[in-house]
Amino acid sequence: MAKEYLTVKEIVGPLVLVDEVSGVKYEELVELELPDGEIRRGKVLEVNKKLALVQLFEGSSGVNIFGSRVKFLGKGVELGVSTDLLGRVFDGLGRPIDGGPRIIPEKRLDINGNPINPYARDYPSEFIQTGISAIDGLNTLVRGQKLPIFSGSGLPHPQIAAQVARQAKVVGKEEEFAVVFGAMGITFEESDYFISDFRRTGAIDRAVLFMNLADDPAIERISTPRMACTAAEFLAFEKDMHVLIILSDMTNYCEALREISAARKEVPGRRGYPGYLYTDLSSMYERAGRIKGRKGSITMMPILTMPEDDKTHPIPDLTGYITEGQIILSRQLHKKGLYPPIDVLPSLSRLKDKGIGKGKTREDHSDVFNQLFAAYARGKEAQELAVILGEAALSETDKLFFSFADRFEGEYIAQGENEDRTIEETLDLGWKLLSMLPVEELKRIRPEYIEKYLKK
C-alpha cells in the first residue's frame with residue numbers, strides 16, 4: 001500500500017526533504033502531488049531515520065512546501081517489457097516518444113538488474129561483422145564482448161555508432177539480431193540524426209531506442225543505460241535474440257552521477273567523481289555477455305568522449321579496466337579528412353583471437369592482422385623519422401613502409417559512411433596492400449597463406 005505524507009520539510013534545487021517517514025527504501029519511486037493536482041515523479045536518494053531525501057525527475061520549480069503531498073510507491077523504477085519494444089523510441093524513463101501507443105507489457109522488470117554471475121558466463125566466441133574494416137580486420141568484435149569506443153568532442157562517434165547499429169550482423173547464420181540504443185545527454189540534433197537514420201535505413205525494425213536529451217533531468221540520465229540493459233536482457237535471455245547494446249555518451253552519464261553525488265554532499269573521489277564510479281559502471285557493463293545454456297547473448301559498445309582527449313581521465317581509465325579492449329578515435333586522422341578516424345595502433349580487442357580463424361572468418365585472418373599491424377607501425381615510425389631527418393635519409397625499404405602507411409590509412413581505415421564491407425573484402429584489401437611490400441618482409445604470415453592469397 002502506497003504511503004502518503006504532507007511533511008515536506010525543505011526543497012533545494014531538484015531535492016525534496018520529507019520528514020516523519022517510515023518503511024521507505026533506497027531508490028523507491030515517489031509521486032509528489034502539488035495543490036493544483038499536478039503530479040511530479042522522483043526517487044529516493046537517501047534515507048536517514050525518519051528523513052527521506054527525494055530527487056525529482058522534472059525539477060522542483062513551482063513546488064510549494066505547504067500543501068504538497070508525497071506518496072511513496074513501494075517499488076523501484078521499472079520497465080514494462082514485451083517484443084513490442086522493437087521498432088519503438090522511448091525517453092530515458094521508458095515512456096514512448098514516437099507517437100505510438102503505450103506498450104502492453106508481458107511483465108514489468110526492475111531496471112537495477114544484476115550483473116551476470118561469473119560462474120554462469122559462457123566464453124564469447126562468435127564473430128560479429130560490423131562492416132567497418134578497422135574494427136572487423138584489426139579489432140574484431142566478438143558476440144558477448146564489451147568493446148567501448150573512446151572518442152573526443154567533435155569526432156564523428158555518432159556516425160560510427162549509427163553505422164555499427166545499421167550494419168552489425170553474425171555472418172552465415174540466420175538468427176534474430178536486435179540493437180538496443182541508449183543515448184544520454186545528447187542534443188536534439190543528434191537525437192533527430194539517430195532516429196531518422198534508423199528509420200531511413202529500416203534498422204528501426206530490429207531496434208529499441210532510449211533517448212535522453214541534454215535538457216532532461218540528470219536523475220533520468222542515470223536510468224537510461226539501465227533501461228537499455230533491462231530491455232536487452234529480456235530480448236536476449238527470454239526471447240533468445242542476439243542483442244547489441246550501444247550506449248552513447250557514457251561521459252554524460254558519469255557527469256550526471258557526479259552532479260547527484262555532489263547534491264548528496266558525498267565525499268568526492270578523483271576529479272570530483274564519486275568514489276563508487278568504478279562499481280557503478282561495472283554494475284552496468286557486467287550485465288553484458290553470454291550465459292551457459294541460454295541461446296541469446298548481449299554484446300555491448302559503450303561510447304564515451306574523453307575530456308580533453310585524455311586517456312587517463314577517470315571515465316576512460318575505469319572503463320578500460322572493466323571492458324575487453326577499446327577502440328580509440330584519432331583527432332589527427334579526423335583532421336586528414338579520414339572516416340572513420342580509428343587509430344588502430346592503441347586500439348585493442350582482447351577477445352579477437354576467439355572470434356577469428358577458420359570457420360569463423362577465414363584461416364588467414366590472424367596472420368594478415370599481425371602483418372598489417374606490424375607494417376603500419378613500422379610505416380608510422382618511418383614517417384616520424386622523415387620529419388626529423390628528411391625523406392632522403394630513409395632506406396628503400398623504409399620508403400616502401402612509409403607509402404604503405406599512407407595507403408593503409410587512405411584505403412583500409414577510410415571508408416564510406418554507408419559502405420558495408422564483408423570480412424572477405426576486408427581481408428582481400430589487406431592482401432592487396434601487403435603486395436606493395438617485398439615477400440621477405442612478410443615475416444608474420446605463413447608461407448602457405450602467402451602462396452594461396454598473395455596476388456601479384
Side-chain angles (χ1 to χ4, degrees), residues 92 130-135 138-139 147-167 181-198 200-201 209-216 218 221 224-225 246-259 271-273 281 300-320 323 325-348 380 383 406 408-410 412-419:
T130 63
I132 298 173
S133 292
I135 298 177
L138 300 168
N139 300 291
L147 186 64
I149 294 178
F150 289 2
S151 180
S153 57
L155 296 182
H157 53 270
Q159 288 85 332
I160 296 172
Q163 188 169 359
V164 170
R166 246 191 344 260
Q167 297 177 175
F181 191 93
M184 291 148 284
I186 60 170
T187 62
F188 179 78
E189 280 170 307
E190 282 179 302
S191 163
D192 189 54
Y193 167 77
F194 284 128
I195 295 169
S196 55
D197 188 80
F198 273 81
R200 177 180 60 81
T201 56
L209 277 66
F210 292 93
M211 293 288 171
N212 166 268
L213 300 184
D215 61 347
D216 288 333
R221 205 156 299 148
T224 308
I246 297 175
L247 299 173
S248 173
D249 176 343
M250 288 309 291
T251 302
N252 292 337
Y253 168 83
C254 295
E255 297 288 349
L257 204 64
R258 178 164 70 174
E259 191 180 314
R271 303 225 188 162
Y273 292 94
L281 289 173
M300 187 182 278
M301 282 190 101
I303 296 171
L304 54 95
T305 47
M306 300 179 285
E308 292 152 19
D309 295 1
D310 177 12
K311 283 201 288 269
T312 64
H313 186 277
I315 303 169
D317 188 31
L318 297 177
T319 297
T323 55
Q326 69 277 333
I327 290 168
I328 296 181
L329 303 190
S330 153
R331 205 168 285 282
Q332 276 70 36
L333 292 178
H334 183 58
K335 282 177 183 168
K336 286 184 186 176
L338 296 181
Y339 172 88
I342 294 173
D343 193 347
V344 297
L345 296 179
S347 296
L348 166 74
K380 292 306 278 181
Q383 289 182 354
D406 273 346
F408 179 79
E409 286 175 1
Y412 191 93
I413 294 177
Q415 63 183 84
E417 215 175 298
N418 294 303
E419 188 179 348

[X] to [Y] - nearest heavy-atom pair and separation:
{"X": "G92", "Y": "N212", "result": "CA-CB, 4.3 Å"}
{"X": "I132", "Y": "P340", "result": "CG2-CG, 3.8 Å"}
{"X": "A214", "Y": "R221", "result": "O-NH2, 3.2 Å"}
{"X": "I315", "Y": "T251", "result": "CD1-CG2, 3.8 Å"}
{"X": "M184", "Y": "P225", "result": "SD-CD, 3.5 Å"}

* Is a donor on one side and an acceptor on the other found under 3.5 Å between the side chain of E255 and the backbone of A218? -> no
* **Any donor-acceptor pair under 3.5 Å from Q415 side chain to A134 backbone** => no
Taking C-beta and beyond as the side chain, do [X] and [Y] meet within less than 4.5 Å on heavy atoms?
{"X": "L281", "Y": "Y253", "answer": "yes"}
{"X": "I342", "Y": "L329", "answer": "yes"}
{"X": "F408", "Y": "V344", "answer": "yes"}

Got a second to check how far [X]'s [atom1] is from [Y]'s [atom2], nearest 0.5 Å?
{"X": "F188", "Y": "Y193", "atom1": "CZ", "atom2": "OH", "value": "15.5 Å"}
{"X": "L348", "Y": "L138", "atom1": "CG", "atom2": "CG", "value": "11.5 Å"}
{"X": "F194", "Y": "L209", "atom1": "CZ", "atom2": "CG", "value": "9.0 Å"}
{"X": "D216", "Y": "T224", "atom1": "CG", "atom2": "OG1", "value": "8.0 Å"}
{"X": "N252", "Y": "L247", "atom1": "CG", "atom2": "CG", "value": "12.0 Å"}
{"X": "M306", "Y": "T312", "atom1": "CE", "atom2": "OG1", "value": "10.0 Å"}

* Basic-acidic side-chain contact under 4.0 Å: R271, D317 -> no
Identify, with sequence neighbours excluded, every residue that meets side-chain contact (heavy atoms from CB on, under 4.5 Å) alongside [X].
{"X": "A414", "value": "L338"}
{"X": "D215", "value": "L213"}
{"X": "K380", "value": "K336, L345, Y376, Q383, A405, E409"}
{"X": "S330", "value": "Q332, L333, D343"}

Under 3.5 Å, side-chain donor or acceptor atoms of residues 147-163 against the rest of the protein: list the pairs with distances, not counting sequence neighbours.
unit_1	atom_1	unit_2	atom_2	d
S151	OG	H157	ND1	2.7
H157	ND1	L155	O	3.1
Q163	OE1	Y339	OH	2.8
Q163	NE2	Q167	OE1	3.4
Q163	NE2	G416	O	3.4
Q163	NE2	E417	O	3.3
Q163	NE2	E419	O	3.3

For [X], check side-chain hydrogen bond (donor to acceptor under 3.5 Å, both in side chains) against everything at least two apart and list the hits.
{"X": "R166", "value": "D197, N418"}
{"X": "D309", "value": "R331"}
{"X": "S248", "value": "none"}

* Structure fact -> Taken in chain and number order and not counting sequence neighbours, the residues that satisfy ring-ring contact (aromatic ring centres under 6.0 Å, His included) with H334 are none
* To do: Using salt bridge (charged side-chain N to carboxylate O under 4.0 Å, His left out) as the criterion, list what pairs up with D192, not counting sequence neighbours.
  => none
* Which residues share a salt bridge (charged side-chain N to carboxylate O under 4.0 Å, His left out) with D406, sequence neighbours left out -> none
* What's the verdict on side chain to side chain contact (heavy atoms under 4.5 Å, CB included) for T319 and M250, showing C-alpha distance, side-chain angles and the deciding distance? -> CA-CA 10 Å; T319 297; M250 288 309 291; 5.8 Å; no
* Over-ring placement of R258 relative to Y273, 6.0 Å and 45° cut-offs -> yes
